[in-house]
There are 2 protein chains.
Amino acid sequence: MSIILTMSELEKFPKTRADLVVMLRNAGITPTHQRIKIGEVLFSREQHLSAEQVLAAVNQEDDEVSKATVYNTLGVFAEHGLLREVIVDPSKVFYDSNVSKHHHLFYSDTGELEDIADENIEVSKLPNLPSDLQIEEVDVIIRVHRN
Amino acid sequence: MSIILTMSELEKFPKTRADLVVMLRNAGITPTHQRIKIGEVLFSREQHLSAEQVLAAVNQEDDEVSKATVYNTLGVFAEHGLLREVIVDPSKVFYDSNVSKHHHLFYSDTGELEDIADENIEVSKLPNLPSDLQIEEVDVIIRVHRN
DNA sequence: ACATAAATTAGACAAAGTCTATTTTAGGAC
DNA sequence: GTCCTAAAATAGACTTTGTCTAATTTATGT
């Protein structure tokens, strides 16, 4: 029983293409062929993918989606709360299909990224911030390497 | 009396060039002209600078230090504990001349970065990690925007 | 002063991501 | 189904951050 969340049973992902279309519409996103294809890749399970990985996955069989569209779509999905951007690797952004509250474990030697369930980290004190500041997110990142 | 640390009175920075040379030697870094110049920029006070900013600052008068050397030197300083790499902005790495324990406040709208004193954040629970993992750092980043 | 390993350099290169101008598509009205 | 229009997608040029290479220069011990 690992303390680290590897694959969740907590989050429900769309099971069918129709589910995915509903999910996009509910989020206020027009479901296009490309967005559906990208959604199928991302929302199949909890995972962390870079834009390059999504681009490759989506075009495995034949070229279906352009680079610009992948970048645009990831941005749109993130804006609408379907994805979370994770900034831990200086060379690329990860997109996390798990949008429930949780934190991250980053292996700086290999570049791997894992989720840490929210209940395994407790931030018990935060600074008082000026009232004109809106908190978007409190990220806790544990940077580790194997030894 | 802001809760956020803006400029520390806790950390001592080298006051003279000779101080800086000693600081580099103590860290096991050969003090070259370029490293001293870069050190003078960075260790004048607590600040967060990107490589580009360091490059510009160092070459304000005349071209003294190449791009490759700036990148190399920032890496060397970070490896030897004189700087802390802060990965919060997807487009660039910040180098923090404050290496004492503290956390960060990131303004995602403007790209500004501020320190939060360690005593203003408390992480009271961490996951049990496999014993072959070495923790390098636990980063807490509060992402905010003005409203 | 000499030797040599370490450091610096210019500039080519690479990778991630953005932008632009054009074409295509989703979806509402008929 | 056809027409319309705004939204979305596209190719590819471009930008920015950062890395690499092969040659030169410098720090420092003898």
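Just so you know, these numbers use all the heavy atoms, side chains as well, and skip hydrogens, waters and symmetry mates.
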Undergrad: Remember a base hit wins even if backbone is also touched, and classify A/Pro90 as base, sugar-phosphate or nothing at under 4.0 Å, heavy atoms.
TA: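 Touches nothing.
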
Undergrad: Are a donor atom and an acceptor atom from the side chains of B/His104 and B/Asp115 found within less than 3.5 Å of each other?
TA: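 Yes, a side-chain donor-acceptor pair sits under 3.5 Å.
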
Undergrad: Taking only side-chain N and O atoms of B/Arg25, does any of them lie within less than 4.0 angstrom of OP1 or OP2 on D/dT28?
TA: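 Yes, within the criterion.
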
Undergrad: Could you check whether the side chain of B/Lys67 and the base of D/dG18 have a donor-acceptor pair of N or O atoms closer than 3.5 Å, going by distance alone?
TA: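 Yes.
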
Undergrad: Please determine whether a side-chain nitrogen or oxygen atom of A/Gln34 lies at a distance below 4.0 Å from atom OP1 or OP2 of D/dT10.
TA: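 Yes, such a contact exists.
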
Undergrad: Looking across every strand, which nucleic acid part, if any, lies under 4.0 Å from A/Ser50 by heavy atom: base, sugar-phosphate, or nothing?
TA: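 Here A/Ser50 touches no strand at all.
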
Undergrad: What integer distance in Å separates A/Tyr95:OH from C/dG17:C1'?
TA: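 Atom OH in A/Tyr95 sits about 9 Å away from atom C1' in C/dG17.
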
Undergrad: Is A/Lys92 side chain donor-acceptor paired with the C/dG17 base, going by distance under 3.5 Å alone?
TA: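 Side chain to base: no pair present.
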
Undergrad: Between A/Ile29 and B/Val93, which has a closest nucleotide on DNA chain D that is more 5'?
TA: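 Nearer the 5' end of the strand: A/Ile29.
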
Undergrad: Kindly indicate whether the side chain of A/Ile29, heavy atoms from C-beta on, has any atom under 4.5 Å from the side chain of A/Leu82.
TA: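 A/Ile29 reaches A/Leu82 side chain to side chain.
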
Undergrad: Less than 4.0 angstrom between a side-chain N/O of B/His33 and OP1 or OP2 of D/dA27, yes or no?
TA: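 For D/dA27, OP1 or OP2 has a side-chain N or O of B/His33 closer than 4.0 Å.
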
Undergrad: Return the value, rounded to whole Å, for the distance between atom CG of B/Asn59 and atom P of C/dT8.
TA: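 Rounding to the nearest Å, CG of B/Asn59 and P of C/dT8 are 13 Å apart.
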
Undergrad: With a 4.5 Å heavy-atom cut-off, do B/Thr110 and B/Arg146 have their side chains touching?
TA: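 Yes; the side chains approach each other to less than 4.5 Å.
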
Undergrad: Can you tell me if A/Thr32 touches the phosphate of C/dT25, counting only side-chain N or O atoms and a distance under 4.0 Å to OP1 or OP2?
TA: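 No, because none of the side-chain N or O atoms of A/Thr32 sits under 4.0 Å from OP1 or OP2 of C/dT25.
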
Undergrad: With a non-hydrogen cut-off below 4.0 angstrom, is B/Thr69 in contact with a base, only sugar-phosphate, or nothing?
TA: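 B/Thr69: base contact, heavy atoms under 4.0 Å.
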
Undergrad: Ignoring hydrogens and geometry, is there a side-chain-to-backbone donor-acceptor pair from A/Gln47 to A/Val41 under 3.5 Å?
TA: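 Answer holds: yes.
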
Undergrad: Between C1' on C/dT9 and CD1 on B/Ile38, what's the gap in Å once rounded to a whole number?
TA: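 These atoms are roughly 13 Å apart.
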
Undergrad: Would you tell me if any nitrogen or oxygen in the side chain of A/Tyr71 comes within less than 4.0 Å of OP1 or OP2 on C/dT18?
TA: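 The answer is no; no side-chain N or O of A/Tyr71 sits under 4.0 Å from OP1 or OP2.
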
Undergrad: Grab the CG-P distance between B/Asn72 and D/dT25 for me, whole Å please.
TA: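 My rounded result for the distance is 18 Å.
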
Undergrad: Between A/Thr30 and D/dA8, is there a contact of a side-chain N or O with OP1 or OP2 at under 4.0 Å?
TA: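 Looking at the OP1 and OP2 atoms of D/dA8, one of them is under 4.0 Å from a side-chain N or O of A/Thr30.
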
Undergrad: Counting just side-chain N and O atoms, does A/Arg35 come under 4.0 Å of either OP1 or OP2 of C/dA26?
TA: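 False: A/Arg35 side-chain N/O out of range (4.0 Å or more) of C/dA26 OP1/OP2.
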
Undergrad: Got more than 12 heavy atoms from elsewhere within 6.0 Å of NE2, A/His33?
TA: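 Result for NE2/A/His33: open.
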
Undergrad: Whole angstrom is fine here: how far is it from CG in A/Leu74 over to C1' in C/dG17?
TA: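 After rounding, the gap between these two atoms is 11 Å.
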
